[in-house]
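This is a predicted model, so every value here is computed, not measured. Every chain is numbered from 1 and lettered A, B, ... according to where its sequence line falls, protein lines coming before strand lines.
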Amino acid sequence: MQFETVAEFLDMDGYGIYVWSVYLIGIGVLLFNVIRPRLLQKRFFEQQSRALRLEKQSADSGDAS
Amino acid sequence: MPYSGKLRALYYLGIHTVWKWFHLLGAPKSFFEISGKLLPWFGVAAGLTITVGIVWGLAFAPQDYQQGNAMRIMYMHVPSSILAQSSYMLMATAGAVFLIWRIKLADIALQCAAPIGASITVLALATGSVWGKPMWGTWWVWDARLTSTLVLLFLFIGVMALRSAMENREASGRATAVLAVVGVINLPIIKFSVEWWNTLHQSSSFSLTEKPAMPAEMWVPLLVMVIGFYLFFFTVWMMRIRIEILQRENRTEWVRQLVSEKVSDAV
Amino acid sequence: MLLMTIRRDLLLTFRHPADVLNPVFFFILVVALFPIGISPSAEVLQTIAPGVLWVAALLATLLSMEVMFRSDNDDGSLEQMAVSMQPFILLISGKIITHWIMSGLPLVLLSPVLAVMLALNESAIQGVVISLMLGTPTLSLLGAIGAGLTVGLKKGGVLIALLILPLYVPVLILGTTLIQTAALGGDYTAHMLWLGAILALSAGVAPIATGAGVRISLSH
C-alpha cells in the first residue's frame with residue numbers, strides 16, 4: 001500500500017482529480033459495453049416472445065372457427 | 001520431400017482438424033452453443049483481472065519518480081490504446097475472413113467489433129487527454145500517438161457509417177469488410193507518417209516483446225490490466241455476436257425453441 | 001482496352017464541362033478564402049500555404065469523386081461493364097486515370113499560380129508542383145474506393161468523405177512536409193520516394209478494392 005490515509009489516497013498529491021476522473025471514465029466505458037448488449041438481449045427476447053404469443057393466439061382462433 | 005511420411009500424415013490430420021473446427025465455429029448455431037459455455041468463464045476472468053489491475057494500479061503500484069501519482073493514469077490509458085488498435089486489426093481480420101470464405105459469422109463479428117472498438121478508442125483519447133493536462137499543461141497536444149489514435153477513431157466511424165447507410169445486409173456486410181481491410185493496410189502507413197510528422201511524445205513505454213524500461217512493480221500491474229482489457233473485449237464481443245446471431249436467425253427452429261423455453265422459465 | 005475506356009470517359013466528361021470545372025473553381029476559391037479569413041501578411045501565408053493548398057486539393061478531389069460512377073450507374077452502363085467479357089479492373093483503372101486527368105491534373109497545373117498568391121518562394125513552388133503531381137493520383141485512387149462502395153447510395157457525398165478522408169492523412173502529411181522542406185531549401189528526396197511508394201501501393205490495391213466495391217453495390 002502506497003498511501004497512509006484515505007485522504008492521501010483520494011488526493012494523490014494533487015493529481016487526484018485527474019487520476020480519479022480517468023478511472024471513472026474508464027469504468028463508465030466498460031460498463032456501457034456490458035450493459036448495452038444486455039439491453040439488446042432483453043429487448044430481443046421481449047419482442048420474440050410477444051411474436052410467439054401472437055402466433056399461438058391466431059393459431060388457436062383458427063382452430064376454433 | 002523433407003517430411004517423413006508420418007509427419008506429413010500428422011500435418012494433414014492437423015489441417016483437417018483445424019478446418020473442421022473452423023467450419024463448426026463458423027456455423028452460427030454451434031458458435032452460439034459453444035460461446036454460451038465459454039462466456040461466463042470469460043466474464044469472470046475479465047472482471048477479476050480488471051478489478052485486480054485497478055486496485056493494484058491505484059493503491060499498490062509505486063509512484064513514478066518524475067510523474068508522481070499522475071502516472072497511475074497509465075494503467076487505464078495504455079491498455080485502452082493497445083486494445084483500440086488490436087480491435088481494429090481483429091475487425092479487419094474478420095472482414096478478410098468474410099471476403100475470402102464467406103463465413104456469415106465473420107460478418108457478424110465485424111459488425112459487432114466496430115462499436116466496441118470505437119468506444120475503447122474514445123476511452124484511449126479521453127484518458128490520454130486527461131493525462132496530458134497535468135503533464136503537458138494542456139488537454140490536447142497534437143503528438144504522434146494521440147493523433148494516430150484520433151485517425152483510428154475516424155476509421156471506426158467510417159466503418160460504422162457505411163454499415164448504417166446501406167440497407168441491404170448482405171451488401172453492407174461485404175462493403176464494410178472491404179473498407180476495413182483497406183483501412184488495415186493503411187493503418188501502419190498512417191502510424192508511420194504521423195510519427196514522422198511529430199515525435200514530441202515520450203516513446204512507447206511498454207511493449208510485450210522488448211524488456212520494458214520500467215521496474216517490475218510497475219509493469220506487472222500494467223500487464224494484468226492489458227490482459228484484463230483483452231479478456232473484457234472478447235467477453236463483450238461474444239455477447240454482441242450472440243445477440244446478432246439470434247436476431248438474424250429469429251425465424252429458425254432452434255431460436256424459436258430458445259425463446260419459448262425462456263418464456264416458460266419466466267412464467 | 002484501358003485507352004478506350006479513358007477516351008470514352010474523357011469524351012463523356014467533356015460534354016459536361018461543369019463537372020470538371022466546378023472542383024477546380026472550388027479549389028481556387030477555398031485557397032483564396034484563407035488570406036481573406038486569416039491575414040494577408042506574407043509571413044502568415046507562407047506558414048499556412050502548404051497545408052491550405054493540400055487541404056483544398058483533398059476537398060476538391062472529394063467533391064469530384066461522387067460523379068465518378070454516377071452517370072454510368074444511372075444509365076445502367078456500369079452494370080453492362082461489370083458483366084462484360086472485358087476485365088473489370090482495367091475498366092475501373094481507366095475510370096480512375098480519367099478522374100485524375102480531369103480533377104488532379106488541373107490542380108497540379110494551377111497550383112504554381114496559387115502558390116505565388118500565397119507568397120511562397122521559388123523552391124517552395126517547385127515543391128508544391130512535385131508534391132501534388134505525386135500525391136493527387138493517390139487521392140484519386142483512394143477516393144475511387146469510397147466512390148465504388150457508395151455507388152448505389154443516394155446520400156453518397158458526405159459518406160465518401162467520412163470513409164476516405166482518414167485514409168488521406170499520410171498523403172497530406174508527406175505533401176505538406178515536402179513543401180515545407182522545399183521552402184527552407186532542404187532536400188526532399190525522401191518525401192518524394194515515400195509519396196511514390198504510397199502511390200505504387202494504392203495503384204496496386206485501389207482498383208481491386210474499387211472493383212469489389214462496385215460489384216457489391218451493383219449486386220443489390
Side-chain angles (χ1 to χ4, degrees), chain A, chain B residues 43 46-47 50 54 57-63 67-77 79-80 112 115-116 119-120 122-124 126-135 225 228-229 232-233 235-244 246-247 250 255-256 258-260 262-264 266:
Chain A
M1 196 74 180
Q2 295 286 316
F3 302 95
E4 302 282 319
T5 62
V6 177
E8 216 174 280
F9 183 48
L10 288 177
D11 183 52
M12 297 248 164
D13 303 331
Y15 292 127
I17 179 96
Y18 303 115
V19 175
W20 287 105
S21 60
V22 158
Y23 279 80
L24 276 183
I25 298 168
I27 291 167
V29 169
L30 296 185
L31 277 183
F32 165 80
N33 273 310
V34 176
I35 291 167
R36 175 99 183 122
R38 293 231 154 200
L39 279 179
L40 288 174
Q41 187 170 10
K42 216 179 124 197
R43 201 182 304 158
F44 171 80
F45 276 113
E46 274 169 12
Q47 261 171 13
Q48 290 301 309
S49 58
R50 202 177 309 136
L52 212 67
R53 222 176 309 134
L54 279 175
E55 231 168 78
K56 239 182 210 159
Q57 264 171 17
S58 65
D60 289 348
S61 61
D63 288 344
S65 62
Chain B
I50 289 182
I54 286 179
L58 270 178
F60 293 95
Q63 294 181 16
Q67 306 196 359
N69 280 321
M71 65 82 68
R72 295 186 195 285
I73 294 172
M74 175 183 79
Y75 299 112
M76 266 293 171
H77 175 69
S80 54
C112 294
I116 308 171
S119 71
I120 298 291
V122 170
L123 177 61
T127 51
S129 163
V130 176
W131 199 1
K133 181 64 185 163
M135 289 303 112
M225 235 7 208
F229 263 62
F232 177 82
F233 179 80
T235 310
V236 289
W237 199 15
M238 255 195 267
M239 283 166 81
R240 275 181 189 261
I241 291 173
R242 285 165 59 82
I243 299 160
E244 186 66 26
L246 289 178
Q247 274 167 353
N250 68 347
V255 174
R256 291 163 70 98
L258 200 76
V259 172
S260 60
K262 194 100 172 175
V263 173
S264 59

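- Heavy atoms closer than 4.5 Å to chain A are found in the side chain of B:M135, but not in its backbone.
- For the pair A:Y23 (side chain) and B:R72 (backbone), a donor-acceptor distance under 3.5 Å is present.
- Annotation: maximal heavy-atom pairing with chain A below 4.5 Å, among B:V255, B:N250, B:I116, occurs at B:N250.
- Heavy atoms closer than 4.5 Å to chain B are found in the side chain of A:S21, but not in its backbone.
- Only the side chain of A:R36 comes within less than 4.5 Å of a heavy atom in chain B; its backbone stays farther off.
- For A:I25, the parts lying under 4.5 angstrom from a heavy atom of chain B are both the backbone and the side chain.
- Every residue two or more places apart in sequence or in another chain was checked for a side-chain contact (heavy atoms from CB on, under 4.5 Å) with A:A51, and none qualifies.
- Taking B:V259, B:L258, B:T127, B:I50 one by one and counting their heavy-atom pairs under 4.5 Å with chain A, the maximum is reached by B:V259.
- With chain A as partner, the option from B:M76, B:M239, B:R242 having the largest number of non-hydrogen pairs under 4.5 angstrom is B:M76.
- In this structure, B:I120 CD1 and B:F232 CZ are separated by 6.0 Å, a value rounded to the nearest 0.5 Å.
- Ion pairing between A:E55 and B:R256 holds under the 4.0 Å rule for side-chain N and carboxylate O.
- Heavy-atom distances place the side chain of A:F44, and not its backbone, under 4.5 Å from chain B.
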Exercise for the section: Show your working on side-chain contact (heavy atoms from CB on, under 4.5 Å) between B:I243 and B:Q247 and close with a plain yes or no. Expected result: CA-CA 6 Å; B:I243 299 160; B:Q247 274 167 353; 4.1 Å; yes
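- The contact between A:I27 and chain B is made by backbone and side chain atoms together, counting heavy-atom distances below 4.5 Å.
- With a 4.5 angstrom heavy-atom cutoff, A:Y18 touches chain B via backbone and side-chain atoms both.
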Practice task
Could you check B:V122 against A:V29 for side-chain contact (heavy atoms from CB on, under 4.5 Å), going step by step and ending with a plain yes or no?
Solution key: CA-CA 9 Å; B:V122 170; A:V29 169; 5.7 Å; no
Exercise for the section: Show the numbers, then the answer: is there a side-chain contact (heavy atoms from CB on, under 4.5 Å) between A:F45 and B:L246? Expected result: CA-CA 9 Å; A:F45 276 113; B:L246 289 178; 4.1 Å; yes
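- Between the A:W20 side chain and the A:L10 main chain, a donor and an acceptor come within less than 3.5 Å of each other.
- Within the 4.5 angstrom heavy-atom criterion, atoms from both the backbone and the side chain of B:Y75 approach chain A.
- Among B:G43, B:G57, B:P134, the residue with the largest count of heavy-atom pairs under 4.5 Å with chain A is B:P134.
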Exercise for the section: Under the side-chain contact (heavy atoms from CB on, under 4.5 Å) rule, what do B:L123 and B:H77 come out as? Steps first, then yes or no, please. Expected result: CA-CA 8 Å; B:L123 177 61; B:H77 175 69; over 6 Å; no
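- B:A61 touches chain A through its backbone: at least one of N, CA, C or O sits under 4.5 Å from a heavy atom, while the side chain does not.
- Proximity to chain A involves both the backbone and the side chain of B:F60, based on heavy atoms less than 4.5 angstrom apart.
- If you measure heavy-atom distances from B:Q63 to chain A, the contacts under 4.5 Å come from both the backbone and the side chain.
- Here the side chains of A:F3 and B:N69 are in contact, with some heavy-atom distance below 4.5 Å.
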